[in-house]
Amino acid sequence: MLKLHRTRANLLAMPKKLTAAEIEQYQRDGYVCPVDAFSAEQAQAWCARLEAFERSEGQKMTRGHNFKPHLLFPWVDDIVRAPELLDAVEDLIGPDIRVFHLSVWPKDPGTGTYVSWHQDATYFALEPACHVTAWVALTDAPIEAGCMEVVPGSHKLGQLPHAELQNTDNLLSRGQTLAVDVARGRTEFMPVRAGQFSLHHTHLVHNSRPNRSRHRRVGLGISYIPTWAHCTSPKRVTAMLVRGEDKHGNFDDEPRPLQEAGASERAFHAEAVARFRAMNAVESRTGTTIVKR
Ligand SMILES: O=C(O)CCC(=O)C(=O)O
């Protein structure tokens, strides 16, 4: 059975948010969806703030501009620390939690924007592979809007080889794409409504298709890790402590943003993203081949 990375004391404790059936599903299938967290009005208000920032900058928070907004905006900092999310994450990885990474995932209607089949762990260099992604919907993300699609149980396959297929419509920064056949006879979609979230394991094979709805689809993919995980890359990276304590010191701390995209917030954000990219650029866990298209 897949190990849940919880401490013994935590295993004995009652789950804080997920049901026993949801925890079992995460172990068996590698995902849980949907989980209720915030009101639709709250999610839409957050999305409006994100879009106001995009307008003021004249730049959408899409590929190349979508990393680590929890370092820029106090409202994203509030989301990553919300008990509505952390209680569920704690049920899977224990009480000492850092945010390792966060990506904004916007898909405009009528565009070809997609996410290729991949496993999140491919460039994260985390040991052990225990990270869980909470995908928080800021808008409705039904099947026609290109919600995530997963191969249930594929997290048990471990790390698989990926190739880099560069395509500007692919939201993945390196175009990483699964390079082996994984039986995709039975896939499941993970539709979520604004304010809900899904959870998926770092080895779960997943993708998402273009948005065929009439509205923009926006979500935040928050990568949570237990503080005792470490990054094997020689490039030391930053991560934000959001619950419990860290007795391990495997990451440099990320400060909480105090002001919306203020000067010091922007400076630290730029440094943290540069360090993450430097780690990411050298990290290939699987003998990745680069294929230009
Ligand atoms: O938002 C999407 O369509 C894909 C998100 C994803 O791949 C992830 O959160 O790991």
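Every value quoted in this text rests on a predicted model; they were computed, and no experiment measured them. Indexing begins at 1, ligand by ligand and atom by atom, following the structure's order. Along the sequence shown, residues carry numbers from 1.
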Asks: Hey, which atoms in ligand 1 end up nearer than 4.0 Å to a heavy atom of His206?
Replies: 6 (C), 7 (O), 8 (C), 10 (O)
Asks: So, does Ser213 use its side chain to make a donor-acceptor pair with the main chain of His215 at under 3.5 Å?
Replies: yes
Asks: Return the closest protein heavy atom for atom 3 (O) of ligand 1 as residue, atom name and distance.
Replies: Ser208 OG, 2.5 Å
Asks: Just heavy atoms, cut-off under 4.0 Å: does Arg217 contact ligand 1 by side chain, backbone, both, or neither?
Replies: side chain
Asks: Within a distance under 4.0 Å of any heavy atom of Asp120, pick out the atoms of ligand 1 and give their elements.
Replies: 10 (O)
Asks: For atom 5 (C) of ligand 1, state which one of Trp117, Trp105, Tyr114 supplies the nearest heavy atom.
Replies: Trp105
Asks: Before accepting this row, confirm whether a basic side-chain N of the pair Lys107/Asp169 lies closer than 4.0 Å to the acidic partner's carboxylate O.
Replies: no
Asks: Could you tell me if the ring centre of His101 sits under 6.0 Å from that of Phe276?
Replies: yes
Asks: I'd like to check which ligand 1 atoms, numbered from 1 as shown, lie under 4.0 Å from a non-hydrogen atom of His118.
Replies: 7 (O)
Asks: Identify the heavy atoms of Arg98 and Leu241 that sit nearest to each other, and give their distance.
Replies: NH1-N, 3.6 Å
Asks: Can you sort out which atoms of ligand 1 are near His200, meaning under 4.0 Å from one of its heavy atoms?
Replies: 8 (C), 9 (O), 10 (O)
Asks: Any chance the side chains of Gln259 and Glu265 put a donor and an acceptor closer than 3.5 Å?
Replies: no
Asks: Quick test of your reading of the model: are Glu90 and Lys17 salt-bridged, counting only N-O distances below 4.0 Å?
Replies: no
